[in-house]
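All values derive from a computational prediction rather than experimental measurement.
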Amino acid sequence: MMLLKEYRICMPLTVEEYRIGQLYMISKHSHEQSERGEGVEVMQNEPYEDPVHGQGQLTEKRVYLNSKLPSWARAVVPKIFYVTEKAWNYYPYTITEYTCSFLPKFSIHIETKYEDNKGSNDNIFEREAKDTEREICFIDIAYDEIPERYYKESEDPKNFVSEKTGRGLLKEGWRESQEPIMCSYKLVAVKFEVWGLQSRVEQFVHKVVRDVLLIGHRQAFGWVDEWYDMTMDEVREFERTTQEATNRKIGTFPPAISISDITLPSHSHGGHSSAPSTPLTTDAPEFLSVPKDRPRKKSAPETLTLPDPLQMCLNTQPGAMLYNKPSLAKPE
């Protein structure tokens with residue numbers, strides 16, 4: 001069994017515009033959230049052709065989180081702890097899978113489709129999840145509550161207005177009247193096959209996923225004036241150069257370049273760009289923590305509970321395919 005939810009996130013953009021905005025947001029966010037020894041490392045990013053979906057891009061990333069773990073968890077997990085993300089991008093359709101380096105029974109599988117509407121397509125995943133019970137969750141980038149530590153007024157769609165597009169200052173009910181408008185439809189399956197913890201952990205992961213989606217889509221729109229005039233060639237070059245800077249930033253040696261040094265030539269390599277990775281957050285749920293005041297026998301080993309890195313998410317290896325549908329078959 002697994003916990004399946006469908007998230008719908010609308011933005012005052014078009015699907016074609018968001019193709020560039022998404023790539024810019026992912027690269028910039030990954031760089032900002034990375035530091036020496038921690039962050040998002042790009043392991044693979046290359047063209048891939050699928051017999052069903054056609055030409056796309058296969059990306060593999062590692063998200064290093066060891067220092068983000070609570071002290072009790074750092075004592076029992078490997079020194080190098082990371083979440084693996086694999087993504088197949090056939091924009092406007094993507095598949096993203098997450099696995100954890102020391103939790104083999106934990107996986108997350110995300111399918112994403114983008115359409116130019118206000119989240120009104122109830123049959124968008126008819127083929128992928130037919131007859132599968134799931135909860136529909138709308139996420140409002142302007143009015144849903146965001147964790148206080150991630151709030152920035154410059155990224156608040158209620159206060160922000162784009163100089164280049166004139167869009168912003170979103171009012172209550174903005175989805176009903178906004179033009180243009182698009183929707184990210186995300187089918188998210190969370191699986192954690194550990195008796196006694198499955199339901200609580202899966203619910204917690206979905207809460208984290210929801211926050212991640214809210215923050216990422218707010219940033220994509222909040223940074224619109226930074227990427228709106230970019231061509232696909234320019235955003236691909238920005239992605240490539242930023243990935244190099246980020247990999248250096250989290251490596252053994254101090255970074256030789258930073259994101260501020262990046263220039264954007266008018267031409268770059270061809271091929272689709274990578275699918276989204278997710279923002280970092282670092283809070284472990286209270287019910288998964290080891291109580292500090294609980295007496296223990298010295299001979300009894302501490303129970304390993306699920307660390308906060310779930311936030312980041314999610315990676316899932318092929319063996320954890322969640323739907324046995326042809327469209328979800330992973331490349332060999």
Taking only residues two or more places apart in sequence, or in another chain, which ones meet Asp229 in a side-chain hydrogen bond (donor to acceptor under 3.5 Å, both in side chains)?
-> Lys164

Is a donor on one side and an acceptor on the other found under 3.5 Å between the side chain of His206 and the backbone of Leu3?
-> yes

Any side-chain heavy atom of Ile20 within less than 4.5 Å of one from Met232?
-> yes

Check Met43, Lys61, Arg62, Glu97 against Glu85 for a side chain to side chain contact (heavy atoms under 4.5 Å, CB included) and give me the one that passes.
-> Lys61

Ignoring hydrogens and geometry, is there a side-chain-to-backbone donor-acceptor pair from Tyr7 to Leu213 under 3.5 Å?
-> no

Polar side-chain atom of Gln178 near backbone of Pro180 as donor-acceptor pair, under 3.5 Å | yes

Would you find a donor on one side and an acceptor on the other, under 3.5 Å apart, between the side chain of Asp116 and the backbone of Val15?
-> yes

Would a 4.5 Å heavy-atom cut-off, applied to side chains only, mark Ser27 and Phe238 as touching?
-> yes

Closest heavy-atom pair and its distance - Ala142, Trp174 | CB-NE1, 4.0 Å

Between Glu244 and Arg248, does at least one N-O distance fall below 4.0 Å, as a salt bridge requires?
-> no

Lys/Arg N to Asp/Glu carboxylate O, Glu135 vs Lys5, below 4.0 Å | yes

Indicate yes or no: does Glu193 engage Lys191 in a salt bridge with an N to O separation below 4.0 Å.
-> yes

Pair Asp122 + Arg8, salt bridge at N-O below 4.0 Å | yes

Asn159 side chain to Glu153 main-chain N or O, any donor-acceptor pair under 3.5 Å?
-> no

Go through the structure and list residues passing ring pair (Phe, Tyr, Trp, His ring centres under 6.0 Å) with Phe160, not counting sequence neighbours.
-> Phe221

Could you tell me whether the side chain of Phe125 reaches within less than 4.5 Å of the side chain of Arg134, counting heavy atoms only?
-> yes

Main-chain N/O of Pro47 paired with Gln55 side-chain donor or acceptor, under 3.5 Å = no

Can Glu239 and Arg236 be counted as an ion pair, charged N to O under 4.0 angstrom?
-> no

Would you say Tyr143's side chain and Glu172's backbone share a donor-acceptor pair under 3.5 angstrom?
-> yes

Any side-chain donor-acceptor pair under 3.5 Å between Glu6 and Tyr185?
-> no

Measure the acute angle between the ring planes of Tyr93 and His53, then classify it against the limits of 30° and 60° as parallel, tilted or perpendicular.
-> tilted

Between Glu155 and Arg218, does at least one N-O distance fall below 4.0 Å, as a salt bridge requires?
-> no

